[in-house]
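A short worksheet on the structure shown next.
Order of the sequence lines sets the chain letters (A, B, ...), proteins ahead of strands, with each chain counted from 1.
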Amino acid sequence: MEPLNLAVIVKLEPDFSEGNVSYKPDGTLNRNETKSTLGPHSGIAAKAAFYAKVKYGAKISVCSMGPPWADIALQQAQQTCDADVLHLYSDRIFAGADTLATAETLKTGIEKMQGKMDIVFSGHRASDGETGQTGPQTAWKLGFTFIGNVISYDVNLEKRTVVAKCLLTLNGVPNVIEEIEAPLPVFLTIDPSYKSNFTTVSQRIAFEKYQKEAYERARNFKQSLKVFNIDELGVDKTLVGLAGSPTIVYQVERIPKGKATRQAEVFDGSNSEHIRKVVAKMREALSAMVIK
Amino acid sequence: MTEENYRHVYVVIEHIDGKLLPVSLEMLGEARRLFDDFNARYSSNEKIVAVILGNNIKDFSKELIEYGADAVVCADHPELKDLRNTIHTKVISQIALDKEIASRIEPDYAKEFKKPRYIFFAADSIGRHLSSTVLVELESGLASDINKLVIHDMTVTHQIKTEGKPTLFKKTLEMYRPDFSGFLWTTILCLNNTTPSIKREYYPQGCSIIPGVFEPIKPDPKRSGEIIFYEPKIDENDLKVKVLSHKIVKSEVDFEIRKAVVSFGRGIKDAPDENIKLVVELAKQLDAEIGISLPISKKLLPASQAISSTYMIPARVIGTSGSKISPMLYVAIGISGAMQHIAGMQDSEFVVAINPDENSPIKNECDIFINGRMEDVIPLLVEELKKQQQVVQAG
Amino acid sequence: MEKYDVAIIGGGSAGLAALKQLSTLGKQAVLLEAGKKVGVKNISGGILYSKKPNKGRVYNVEDIYGQNFVNEAPLQRKITKYLLHATSKDKVFSMDLTAAHEYQSNFGYSVLMNDLNAWFAQSADESAQKCGGGIVPGVHVNNISWDDEKERTIIQTDELDEFQVKAVIAADGVNSEVAQITRARPKFSAVQLYQGVKAIVKLPEDIINETFAIGADDGEAHLFAGDITLNHLGGGFLYTNRDTLSVGAVYHFDSLLDSPIEPNTLLDALLKNPMITELIKDEVPVRGKIDKTLEKEKQMQIRFAVTKLIKTWYEIRDVYLSSSRRKELIKTGKFNSEDEIKSKLSETREKMSSQYGIQFKTDYVEDEYGAKLIPDGKRCRMKKPYHKNVLFVGDAAGRGVFVGPRIEGLNVGIDDGVRAANAIARALEKNNFSQGYLGEYYTKSIEESPYTKDMKEIDKEYLKIFIDATKDVPKDILSAKHSLVLKLMSSGAIRSMAAKFVNVLGYERLLPVIESEESYVKVPTELAERSGKTISSSYTPSIPLLADRIAKLNYNDDKVSHIKVLNPNNDFMKKLVMLCPTKCYSEENGQVTIQHEGCIECGTCSEQTDWKHPRGEKGINYRYG
């Protein structure tokens with residue numbers, strides 16, 4: 001049986017935790033002053049890939065599109081999944097790409113990786129704006145079966161299929177869990193509630209062993225790293241960066257809201273006029289537009 | 001290419017386990033409002049096209065028309081029973097590009113039609129991914145998680161898109177996305193390609209819409225519309241993907257699906273059974289889920305078995321050791337407002353507290369404080385709610 | 001079913017020593033640890049000793065982890081001075097016990113368990129993997145069963161498929177679940193236990209050196225008796241770590257049950273003592289109040305900016321006030337010179353006060369609160385520390401040496417771990433796990449340990465050193481009972497005979513005399529009043545509320561409670577409302593209920609509850625321990 005060939009797509013993101021994040025006076029993120037880190041969802045995708053490595057044996061390549069300093073995201077991902085290969089696609093021309101153009105870059109990169117890819121993993125979404133399109137769009141460009149919202153999965157090495165459990169969160173109805181079987185190759189985006197289901201002591205010992213290896217590799221991550229500019233990647237220039245992006249960010253404005261801390265208005269529970277006002281306000285609250 | 005090549009808004013309808021998802025009707029409602037204005041402004045007659053895929057789904061068509069669709073494209077096929085990304089993406093794309101369908105929707109521009117002008121999806125576990133893959137297949141742009149839409153003729157100057165020259169883009173969909181901080185709105189535009197050397201047309205302008213944002217229109221049984229049955233072309237190879245199981249995750253309490261939550265605390269102590277019944281009645285009027293404060297789940301107060309096992313359970317606890325919720329309306333009844341409770345509800349949009357003690361800490365955490373005993377206040381609220389409800393229905 | 005030779009349950013220092021030793025002997029062993037990582041559930045006082053008894057041998061850390069241990073392991077400071085302070089409200093009488101501390105000792109280092117056990121684990125795991133074993137964290141053992149016919153021992157866990165082993169080492173601590181599963185011993189009772197509570201106080205390295213007037217590698221241990229006990233049987237301690245202090249209190253659990261008091265109150269009493277207040281003193285930034293009328297968003301921005309600045313300030317300051325880290329960062333090119341660090345520090349400080357109104361005041365900073373039960377080896381060591389092919393070590397076997405100011409647990413557990421490993425290695429070679437060949441052999445080995453001897457009888461040589469140290473104590477303070485003992489012991493000629501006599505009487509009869517209110521409270525308080533130095537503190541420390549201490553801890557709460565109250569009306573449980581270090585219990589209408597969130601798994605309530613550790617990876621995660 002052939003060992004699995006896996007790729008993970010990751011992203012460098014601002015660290016939004018208190019103590020690391022910084023805002024400009026106008027309320028927008030101060031990217032220069034804010035620490036960058038491997039996106040939390042990317043980390044979960046790497047964790048999911050590591051599961052297959054421990055359980056089935058696999059070669060893992062991690063890739064990212066970003067500025068030169070995004071190599072630290074790759075390093076962190078390597079520490080999570082014990083990756084063998086790290087790819088960074090970095091070129092000024094890639095900047096400003098929307099998800100369609102990003103997907104083109106990532107697709108080209110993954111196709112350049114050694115061997116036929118079996119599973120590609122990506123995070124649920126990024127925490128700084130990307131809303132979970134890049135994964136499925138890359139999948140479609142690769143021509144891989146796309147399975148989203150994955151909370152656990154297993155591979156059948158003989159049949160070369162994957163069975164994934166997916167969590168569908170839908171508004172107005174209870175959640176649904178579906179089990180989907182698909183032949184390899186597949187593209188999985190990993191739900192935040194993903195769990196690696198190791199069931200035996202030997203798997204857990206292998207987990208610890210590879211984790212140590214991962215730590216060592218990540219300390220010398222530059223040895224596994226390859227950086228590609230646009231020419232080295234050999235991607236169609238009209239399909240990437242701003243030129244390849246159908247959408248643009250036109251403007252950023254403040255959401256007219258800005259409620260200060262709550263200031264309770266006191267009503268008398270025995271006054272019918274008061275009760276009428278309260279009910280009107282409650283109904284108004286319920287019909288207001290949600291901004292989530 | 002002319003602007004007549006791109007027409008209508010296609011709305012991809014979601015349903016599960018034999019029910020339309022509320023977001024489907026919300027999308028139709030917003031499309032209706034936008035297009036009534038659009039058609040008036042541009043003296044045109046573009047349509048709202050509901051696209052629905054599934055097995056035995058014909059019955060939804062009428063409902064979709066009542067809620068604002070001008071036409072329903074219905075792909076009803078046994079292999080569409082389950083949601084499989086590859087198959088669904090292909091069928092939606094087929095429908096979007098099908099001239100036959102377009103000619104039935106609007107015979108006048110049947111020849112010119114190339115692609116839909118706009119396409120809407122739901123920003124949920126289904127639509128978020130489906131919108132992504134469909135828009136790659138259609139080679140156009142997508143903005144996700146949108147909560148405001150405006151259509152304008154816009155003059156845009158962009159260094160690359162328009163080579164720095166002011167350029168008019170007609171009937172452009174401004175798609176507003178709240179950013180991660182919740183304080184900022186990003187407007188995203190999908191602008192058609194203006195570079196002649198690149199043979200691409202960035203239509204439809206696609207977006208996914210956050211559920212619960214827009215209101216459906218009032219259903220009108222008299223509305224009529226075209227129902228179009230589409231026979232999907234399904235690739236044999238794509239059938240190798242199988243949905244092995246489909247399980248509804250039953251939870252006895254679900255704070256997420258309700259806009260309102262009514263919680264009670266130790267204030268019920270004088271007559272637990274009777275008071276909880278009052279709370280239940282209020283929750284019913286507000287279509288709210290019922291929550292409790294931590295001490296209630298410890299079953300320290302005597303209540304009947306039926307009441308206690310339904311309402312005084314850990315799954316209902318709001319707070320650090322329970323659920324953290326952010327409903328649009330939160331009503332705290334007989335809850336003093338311990339820190340551990342506040343942490344669970346402080347993100348609520350609007351908070352009403354009912355409490356006889358004006359010094360209780362909850363007063364600092366609410367928008368409205370009703371001074372009074374729950375026994376007295378709730379019946380008045382319920383009565384008033386019923387009254388105001390009737391007024392609306394009558395109007 | 002998977003098969004392994006040995007399962008070790010619990011990744012504390014005893015279990016890890018057993019794993020290291022078995023692996024060194026080439027035996028396959030798997031260590032299961034319930035915490036997310038080895039070390040996160042461990043807490044100790046903590047001083048780690050290496051001993052050299054006159055008679056017999058013990059297995060020391062460096063025997064297992066190599067002679068280079070002290071250079072490689074994350075030890076804090078070598079304890080070079082050991083003092084006992086008798087306290088009254090504002091006076092302190094100090095006695096130097098360094099000689100007693102150094103008695104039969106190679107060294108004693110202050111340690112923090114999380115780091116140290118992680119280091120042990122790395123070394124043990126490396127060796128274990130070579131033998132096909134290893135450490136598996138995040139796994140909670142819930143049962144052991146025997147299939148005698150097939151000679152199989154089966155380990156069941158909450159997380160993994162069951163598996164089979166030939167022998168087991170139970171190293172799961174004072175609240176050993178293996179002891180309950182196997183019924184090898186009853187739960188420890190209050191009279192056999194101490195409750196310890198500790199705070200980690202943050203203090204930069206150079207400031208510690210200055211305050212205690214010690215070198216960068218030297219450390220001090222201080223013990224406290226008298227007024228700080230608030231009339232309970234026990235005392236306080238303060239150990240210097242590299243850039244923290246361990247400040248804690250240890251009390252006889254039965255005395256706490258007699259007159260219940262909150263553990264954090266006992267800790268606070270210690271921190272409020274002027275001598276300690278002065279020792280923990282530092283400069284602390286104080287956030288200004290954020291204007292609540294500002295927009296929520298603006299308030300949040302200010303809060304975030306302040307947090308970031310304070311964090312940066314601490315980072316730079318901790319480097320600046322540590323000679324080793326200063327040098328390291330200059331070497332790695334992060335900074336060019338000490339002056340650069342200094343100017344960066346003052347620049348940050350300036351920004352803090354000018355832009356955000358952050359002020360600086362004299363105070364102290366607490367980083368971690370924790371608690372633990374400690375088994376008193378004199379009263380509760382297992383006489384036969386095994387059941388079938390399961391051997392008990394360390395706290396799980398109720399083993400620790402507590403004689404006056406001599407407080408040793410870690411080294412005892414490590415010695416046990418090696419002995420258990422040796423016994424099992426021997427059994428594996430003969431494939432004989434019978435009671436006679438394994439259990440009894442291990443029991444004998446344990447009995448031979450000098451530590452066991454110390455749990456059974458008084459060492460007269462140690463006593464002499466101790467008595468010499470207290471020679472300045474006016475004898476008339478002591479009661480008749482005490483002074484008789486002391487008189488007998490002080491005289492060189494009759495000491496040997498007296499010790500023999502005392503040992504014939506046995507610890508059981510003697511201990512109530514020694515471990516009494518007289519010794520812990522009255523004598524020290526009077527001593528301080530009469531002969532002590534007056535000490536006053538220059539500030540009032542802002543001691544955090546218990547709620548704030550708990551909020552600072554890192555938990556991964558399990559939705560399912562790991563503790564069940566057996567009888568909500570029980571008197572013991574009612575006292576627990578007071579005695580639980582994190583206030584998990586409350587009483588209403590005469591019924592005690594538990595809120596398990598916030599539990600730090602000390603097991604104080606274990607005697608009268610159905611008590612288990614939380615499932616794998618759940619529960620408390622100590623940062624220092």
- What distance do A:Met282 atom CE and B:Leu282 atom CG have between them, rounded to the nearest 0.5 Å? 5.5 Å
- Does B:Val136 reach the side chain of A:Leu100, with side-chain heavy atoms less than 4.5 Å apart? yes
- Message: Please give me the minimum heavy-atom distance between B:Met328 and A:Ala285, naming the atom from each residue.
- Response: CE-O, 3.5 Å
- Among the options A:Ala139, A:Ser272, A:Ser245, pick out the one with the most heavy-atom pairs lying under 4.5 Å from chain B. A:Ser245
- Residues at least two apart in sequence or cross-chain that pass side-chain hydrogen bond (donor to acceptor under 3.5 Å, both in side chains) with A:Thr99, listed by chain then number, are A:Gln133, A:Gln137
- With a 4.5 angstrom heavy-atom cut-off, could you sort out which part of B:Gln159 is near chain A: side chain, backbone, both or neither? neither
- Query: So with a 6.0 Å cut-off around NZ of A:Lys165, is the heavy-atom count from everything else above 12?
  - Reply: no
- Which atoms of A:Ala164 approach chain B - backbone, side chain, both or neither, heavy atom under 4.5 Å: neither
- Drop me the distance from A:Phe146's CZ to B:Thr89's OG1, to the nearest 0.5 angstrom. 9.0 Å
- Considering non-hydrogen atoms only, spot the tightest contact between B:Gln388 and A:Arg276 and give its length. NE2-O, 3.3 Å
- Leading residue by heavy atom contact count with chain A [cutoff under 4.5 Å; candidates B:Val241, B:Asp287, B:Asp124]: B:Val241
- Item | CA sep, side-chain torsions, deciding dist, call: A:Gln251, B:Thr186, side chain to side chain contact (heavy atoms under 4.5 Å, CB included) | CA-CA 6 Å; A:Gln251 61 179 15; B:Thr186 306; over 6 Å; no
- Message: Looking at every non-hydrogen atom in both residues, tell me the closest pair between B:Thr187 and A:Glu253 and how far apart they are.
- Response: OG1-OE2, 4.0 Å
- Whatever's closer than 4.5 Å to a heavy atom in chain A on B:Met154 counts as side chain
- Quick one: pull up CG in B:Leu329 and NZ in A:Lys281 and give me the separation to the nearest 0.5 Å. 12.5 Å
- Item | Contacting region of B:Asp17 [heavy-atom separation from chain A under 4.5 Å] | side chain
- Message: Using a 3.5 Å distance criterion without hydrogens, assess whether the side chain of B:Ser125 forms a donor-acceptor pair with backbone atoms of A:Thr169.
- Response: yes
- Specify which of B:Gly141, B:Cys190, B:Ser245 makes the most heavy-atom pairs with chain A at under 4.5 Å. B:Ser245
- Best-contacting candidate, B:Val351, B:Leu83, B:Leu130, against chain A by heavy atom pairs under 4.5 angstrom: B:Val351
- Task: Name all residues meeting the side-chain contact (heavy atoms from CB on, under 4.5 Å) criterion together with A:Asp15; count only those two or more places apart in sequence or in a different chain, and write none if there are none.
- Result: A:Ser17, A:Asn20, A:Lys35, A:Thr37
- Would you sort out whether B:Leu21 and A:Asn171 count as a side chain to side chain contact (heavy atoms under 4.5 Å, CB included), showing the intermediate values? CA-CA 7 Å; B:Leu21 291 180; A:Asn171 207 264; over 6 Å; no
- Task: Pull out the residues in residues 372-382 of chain B that come under 4.5 Å of chain A, heavy atom to heavy atom, sorted by number.
- Result: B:Val377, B:Leu380, B:Leu381
- Bottom line for B:Ile16: the part with an atom under 4.5 Å from chain A's heavy atoms is side chain
- Item | Value rounded to 0.5 Å, distance of CD in B:Glu137 from NZ in A:Lys141 | 11.0 Å
- Message: Counting heavy-atom pairs closer than 4.5 Å to chain B, which one of A:Asp268, A:Ile147, A:Ile248, A:Val266 comes out on top?
- Response: A:Ile248
- Side chains of A:Arg283 and B:Leu385: closer than 4.5 Å at any heavy-atom pair? yes
- Could you look at B:Ile160 and say if it's the side chain, the backbone, both or neither that has a heavy atom under 4.5 Å from chain A? side chain
- Query: Is the closest side-chain heavy-atom distance between A:Ile177 and B:His246 below 4.5 Å?
  - Reply: no
- What distance do A:Phe187 atom CZ and B:His129 atom NE2 have between them, rounded to the nearest 0.5 Å? 9.5 Å
- Not counting sequence neighbours, which residues clear side-chain contact (heavy atoms from CB on, under 4.5 Å) with B:Val243? List them please. A:Glu178, A:Ile180, B:Asp82, B:Arg84
- Option in A:Val249, A:Asn271, A:Asp191 with maximal non-hydrogen atom pairs under 4.5 Å from chain B: A:Val249
- Does a side-chain heavy-atom distance below 4.5 Å link B:Val156 with A:Tyr250? yes
- How about A:Thr247 and B:Leu142: do any of their side-chain heavy atoms sit closer than 4.5 Å? no
- Query: For chain A, which of B:Asp238, B:Val352, B:Leu189, B:Leu244 has the most heavy-atom pairs under 4.5 Å?
  - Reply: B:Leu189
- Query: So which of A:Thr138, A:Thr189, A:Leu239, A:Val186 has the largest heavy-atom pair count under 4.5 angstrom toward chain B?
  - Reply: A:Leu239
- Item | Audit row: B:Lys387, A:Val279, side chain to side chain contact (heavy atoms under 4.5 Å, CB included) steps and yes/no | CA-CA 10 Å; B:Lys387 224 193 285 172; A:Val279 168; over 6 Å; no
- Side chain from CB out, backbone as N, CA, C, O: work out which of these in B:Phe369 comes under 4.5 Å of a heavy atom of chain A, or both, or neither. both
- Would you say A:Leu170 and B:Ile126 make side-chain contact, with heavy atoms under 4.5 Å? yes
- Would you indicate whether the side-chain heavy atoms of B:Lys240 and A:Thr145 approach each other to under 4.5 Å? no
- Task: Select one option (side chain, backbone, both, neither) describing which atoms of B:Val134 are under 4.5 Å from chain A's heavy atoms.
- Result: neither
- With only heavy atoms counted, which part of B:Glu384 is less than 4.5 Å from chain A, the side chain, the backbone, both or neither? both
- Item | When B:Ile188, B:Thr133, B:Ile354, B:Val331 are compared by non-hydrogen pairs under 4.5 Å with chain A, the top option | B:Thr133
- Task: Show your reasoning for whether side chain to side chain contact (heavy atoms under 4.5 Å, CB included) applies to A:Leu286 and B:Leu286.
- Result: CA-CA 9 Å; A:Leu286 281 173; B:Leu286 291 166; 4.1 Å; yes
- Message: Please report the interatomic distance CG(B:Asn364) to CD(A:Gln263), rounded to the nearest 0.5 Å.
- Response: 8.5 Å
- On a heavy-atom basis, the closest approach of B:Ser132 and A:Gly132 is OG-O, 4.2 Å
- Item | Within-4.5 Å side-chain heavy-atom neighbours: B:Lys247 and A:Val176 | no
